[in-house]
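Read the structure below first, then the notes.
Everything numeric here is computed off the predicted structure, so don't read it as measured data. We name chains A, B, ... by the order of the sequence lines, and we start the count at 1 in each one.
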Amino acid sequence: MTSMAAMLAATIGATWATGAAALDVSIGYLRFERPPHAVLSNLDPIPERRGIEGAELALGDNRTTGKFLGHDYGLEVISVPFDGDIFAAARAMEADHDLILLDMAAKDMLAIVDAAPAGTLFFNVGSRDPALRDSACRAQLLHAIPSLAIEADALMQVLLAKGWNKLAMIEGPTPQDKALAETYRKSVQKFGLKIVSEASWSFDTDLRRAASREVPLLTQAFKPHDVVLIADAHGDFARYIEHNTWQPRPVAGASGLEAVAWAPVVEQWGAAQLQSRFEHLSGREMTPEDYAAWAAMRTIGEAVTRLGQTDPAELRDYILSDAFELAGFQGRPLSYRHWNGQMRQPIPVVNAHAQVASAPLDGFEHARNPLDTLGIDLAESRCSAFGD
Amino acid sequence: MRFATLLLSTCLAALVTPLLAGEIRAGEIWISNEKDDTLSVIDADTLEVIRTIPTGERPRGITFNSDFTRLYICASDSDAVQVMDPDTGEILHNLPSGEDPEQFVLSPDDRHLWIANENDAVSTVVDVETRKVVSQIDVGIEPEGMAISPDGKTVITTSETTSMAHWIDAETRQIYANTLVDARPRHAEFVKDGSELWVSSEIGGTIAVFDTATQREKAKIHFEIKGVHPDLIQPVGFELTPDQKTAFVALGPSNHVAVVDTERFEVEEYILVGRRVWHMAFGPDHRRLFTTNGVSGDVTVIDVAARKALQSIKVGRFPWGAVMRP
């Protein structure tokens, strides 16, 4: 190719690739910090910039892609202390952004979404509350983080596939523990497993010293079971159950075998690349919240790249359509459920050292998409905000 | 005694014969084993592994120079391209490669290696004689597929997360076009004398066919296997028969290879192979095709004319790349 021809080709190629005019995509990340919750062990502190750094990684991904198309991306982060005014912060952010990631508890999220200007598109990257995807769903709120129900279903699929049908459950004392236990019960019923015994966690001893004495007593009365299931929403006591049970049994739920959106042990499907890019950026391991924020940002980036525009309503329509596919390092394309805005993703089921399985497992079939065997399906959905 | 001598000479003959036969090789298939840090060398006639050769860490892309006297190996986790004497299996030296080299192409004149640096969002050009990096080109996130046109003038890098093929002028080393493809492009090849560029998209589940002269997409190949969910049909590596009329496409975790009519861009049939089929190479006479199956740790041998899998050959863990040496 002569240089003249090369130049001509460059012009043609560039024009064709970029399509319309340059775009500026500014995205907001709004966090309402949770009040600290005391836990028995401080072995695993919650990273200060959990979630935010996942969004920052995806910002870089979007920018690199965008520079070949004339698209630029920005990210404004506002993190409000737990005693601060989240609504004032939301109003300030909505003044400048119509694409906003929300990292906060469900009730605050709903209040913000309901008060927001029409045409703002939100992504939930912080709440696993199943109600947000069900009776409390909102048309302009999509969910890049899996619900508790999705995680529970992923775990139960693995237990069922292994034939570990009889479960003994230990339930913590907080409202969040109760909600998690209730989610587990529903999922156990959905997959035809059985909870044969239940115990409530009420100890206030320091388990770092006493677990070896207290836990055998707590679990001694359990009827014959295959697995001990732990409903511990805050990661408070779960770590002290394994290897201290009366019967030698694997533990699952909040410790042992866990179903999570992402974990440091995920390495297949190019995941090793995402992990190393994240560690390079943040100096720490990637959490499920980071993955959710990364996925939300990449969802926006993918939609803008394909559509060549930034109108939130157009982006939303495309994201909820069958045409949308996002590569998420999990072996299957990520997409969104059109009836409640929940992102579909495979769920890694892991222990501390390795990925044990990826749900949905082989054999769990679905007429639409095997990923819809996890969480609330269309037929049982009480979400009406999305039409249909 | 005489009998014993006869026996001895027979034994000697048996020992010597393979060495002699080695002089006139029937062709070999070289396989990189990503998680064993080895290469497996398969005799293309006997279909047996005849050598296992240690490499650097996480070998993926492999390629021979044009007279097959040098093998280049992307040792991804060693952050190097290794140069091997294929006769001795000895690593002669490393080339600077940039970080995490995954795939590469060698220019038709054997002078420059064009390397995709997966962790760095760059493509690196290395002069294999001076052993120096001569250029680095900013590309999209996670560059992987590399192709060079038969005339050596255009180099393609595909980037997985950016979902693009970047068209690079090999002389100026500048990108002159960027074309969007479906999600997670993995492999690119110029076909039909360089008149078309094919790019496979693993998550998108398609192969995009571009007209090289205009960089415009002229066709898209879709795949559909009865009883396999579309999400699991993930095209990666592909090869065309010498007459360029038929393509074989590895479809990843669907565990099938598609046979594609390259005029109509339609699939004619599917061949069941090992688990997570990745890349492939023809044998020296193109009668057989060898596919690397990452998860099952083996290579499937396909009879090209009959379009049937003949047998599988156990190799190392997570076989990735495949190249033929006559």
Between [X] and [Y], what is the shortest heavy-atom contact and its length?
X	Y	value
B:V139	A:T64	O-CG2, 3.5 Å
B:T161	A:R277	OG1-NH2, 3.9 Å
A:R306	B:A183	NH2-N, 3.9 Å

Could you tell me which portion of B:R58 (side chain, backbone, both or neither) has an atom closer than 4.5 angstrom to a non-hydrogen atom of chain A?
side chain
Go through the atoms of B:Q234 and report whether side chain, backbone, both or neither lie under 4.5 Å from a heavy atom of chain A.
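Contact with chain A: side chain only.
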For the atom pair [atom1] ([X]) and [atom2] ([Y]), what is the distance rounded to the nearest 0.5 Å?
X	Y	atom1	atom2	answer
A:F68	B:S163	CZ	OG	12.5 Å
A:K67	B:D138	NZ	CG	4.0 Å
A:L326	B:I203	CG	CD1	9.0 Å
B:T162	A:L69	OG1	CG	9.0 Å
A:S276	B:D77	OG	CG	9.0 Å

Side chains of B:E118 and A:Q273, donor plus acceptor under 3.5 Å
yes
Name the member of B:M164, B:R184, B:E142 that forms the most heavy-atom pairs with chain A at distances under 4.5 Å.
B:E142
Most contact-rich option vs chain A, by heavy-atom pairs under 4.5 angstrom, among B:E144, B:H166, B:E202, is B:H166
Can you tell me if [atom1] on [X] sees more than 12 non-hydrogen neighbours from other groups inside 6.0 Å?
X	atom1	value
B:D193	CG	no
B:E224	CD	no
A:D322	CG	no
B:Q136	CD	yes

Residues forming a side-chain hydrogen bond (donor to acceptor under 3.5 Å, both in side chains) with A:N340, sequence neighbours excluded:
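Once residues adjacent in sequence are excluded, A:N340 has no partner under the side-chain hydrogen bond (donor to acceptor under 3.5 Å, both in side chains) criterion.
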Side-chain contact test, heavy atoms from C-beta onward, threshold under 4.5 Å: evaluate it for [X] versus [Y] and give yes or no.
X	Y	result
B:H229	A:H366	no
B:N119	A:H280	no
B:P253	A:W269	yes

Under 4.5 Å heavy-atom distance to chain B, tell me which part of [X] shows up: side chain, backbone, both or neither.
X	answer
A:E365	neither
A:N62	neither
A:R63	neither

Evaluate the criterion side-chain contact (heavy atoms from CB on, under 4.5 Å) for residue pair A:T305 and B:L180; output intermediate values, then yes/no.
CA-CA 9 Å; A:T305 298; B:L180 276 173; 3.5 Å; yes
Pair count under 4.5 Å, heavy atoms only, with chain B: among A:G301, A:G331, A:G60, highest is A:G331
Please enumerate all residues that pass ring-ring contact (aromatic ring centres under 6.0 Å, His included) together with B:F223, with sequence neighbours excluded.
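Checked B:F223 against ring-ring contact (aromatic ring centres under 6.0 Å, His included); zero matches.
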